[in-house]
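To start, the structure itself, in structure tokens.
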Amino acid sequence: MKLNYITIMVRDIEKSITFYQELVGLKIIRRFNPGAGEIAFLSHGESDTMLEVIQIDGTEKVSTKGMVFSFEANEQLEILRDKAIKQGYSVSEVIDRKPKPKHFRVIDPDGLTIEFSEKE
């Protein structure tokens, strides 16, 4: 069974889309307005697991503790980390503790912890 998508109820869809496009490298697969708000599906490709971001006024927004989304970085961690800092995100130091791959964490616009790991 394949994981189809993960949904996040966001506060500001534009900020979320910018974060996931510019740092994670996701592309908008579909985007539409069902009338009550806006929905966008982002992914690396049509057949990959998607991230669905939804902004609908009056709905409960995402809030988490203990959840981390991890992405394998397509560029050197230090370069990606500097990019995140320049864009004003809260960023951890690079962590190098085996057996886990070298990584760092960023807080997305809705407070989710996003981890970027070095390719193994």
For D108 and Y20, run side chain to side chain donor-acceptor pair (under 3.5 Å): C-alpha distance rounded to whole Å, both residues' side-chain angles, the deciding distance at 0.1 Å, then the answer. CA-CA 9 Å; D108 88 345; Y20 288 99; 2.6 Å; yes
Would you check, one step at a time, whether the test salt bridge (Lys or Arg N to Asp or Glu O under 4.0 Å) holds for E93 with R105? CA-CA 8 Å; E93 295 297 323; R105 293 179 173 178; over 6 Å; no
Does the side chain to side chain contact (heavy atoms under 4.5 Å, CB included) test come out yes or no for F41 and V53, once each step is laid out? CA-CA 6 Å; F41 286 90; V53 292; over 6 Å; no
Mind running side chain to side chain contact (heavy atoms under 4.5 Å, CB included) on E46 and I29 for me, showing each step along the way? CA-CA 7 Å; E46 293 267 349; I29 304 298; 3.6 Å; yes
Residue pair Q76, E118: steps toward the side chain to side chain contact (heavy atoms under 4.5 Å, CB included) verdict: CA-CA 7 Å; Q76 290 182 351; E118 189 171 69; over 6 Å; no
Between T113 and F69, does a side chain to side chain contact (heavy atoms under 4.5 Å, CB included) hold up when you go through it step by step? CA-CA 6 Å; T113 301; F69 290 176; over 6 Å; no
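Take T7 and apply the side-chain contact (heavy atoms from CB on, under 4.5 Å) test, not counting sequence neighbours, and it matches Y5, M9, E52, I54.
Atoms CG and CG, from L26 and D48 in turn, are 9.0 Å apart once rounded to the nearest 0.5 Å. Between the CZ atom in F19 and the CG atom in L112 there is a gap of 8.5 Å [rounded to 0.5 Å]. To the nearest 0.5 angstrom, I8 atom CD1 is 8.5 Å from M67 atom CE. The distance from atom CG of N74 to atom CD1 of I79, rounded to the nearest 0.5 Å, is 12.0 Å. For the atom pair I56 CD1 and I39 CD1, the distance stands at 5.5 Å (nearest 0.5 Å). Going from atom CG of D57 over to atom CD of Q55 covers 6.0 Å, rounded to the nearest 0.5 Å.
Put simply, the side chain of R81 gets close to the backbone of S92: a donor and an acceptor are under 3.5 Å apart. Within the 3.5 Å criterion, the main-chain N or O of L3 finds a donor-acceptor partner in the side chain of T49.
No side-chain donor-acceptor contact under 3.5 Å links S63 and K61.
Residue pairs satisfying the salt bridge (Lys or Arg N to Asp or Glu O under 4.0 Å) criterion with at least one member in residues 7-26, sequence neighbours excluded, are listed as follows: R11-D110, E14-R31.
The shortest distance between side-chain heavy atoms of F104 and L77 falls below 4.5 Å. No side-chain heavy atom of M50 sits less than 4.5 Å from a side-chain heavy atom of L42.
Note on L23: it does not cluster hydrophobically with V68, by side-chain heavy-atom contacts below 4.5 Å among ILVMFWY residues. A single hydrophobic cluster is seen to contain both I28 and I13, as judged by linkage of ILVMFWY side chains at heavy-atom distances under 4.5 Å, directly or through other members. Hydrophobic cluster membership is shared by F71 and Y89, with clusters built from Ile, Leu, Val, Met, Phe, Trp and Tyr side chains linked at under 4.5 angstrom. Follow the hydrophobic side-chain contacts under 4.5 Å out from I107 and you never reach V62; the two are in separate clusters.
When each of V94, V106, V91 is paired with F116, the side chain to side chain contact (heavy atoms under 4.5 Å, CB included) condition holds for V106 and for no other.
When all heavy atoms of I17 and A40 are compared, the closest pair comes out as CD1-CB, 3.8 Å.
Ion pair K100/E115 flagged as a salt bridge, since at least one NZ, NE, NH1 or NH2 atom sits closer than 4.0 Å to an Asp/Glu carboxylate oxygen.
At most 12 non-hydrogen atoms from other residues, nucleotides or ligands lie less than 6.0 angstrom from NZ of K65.
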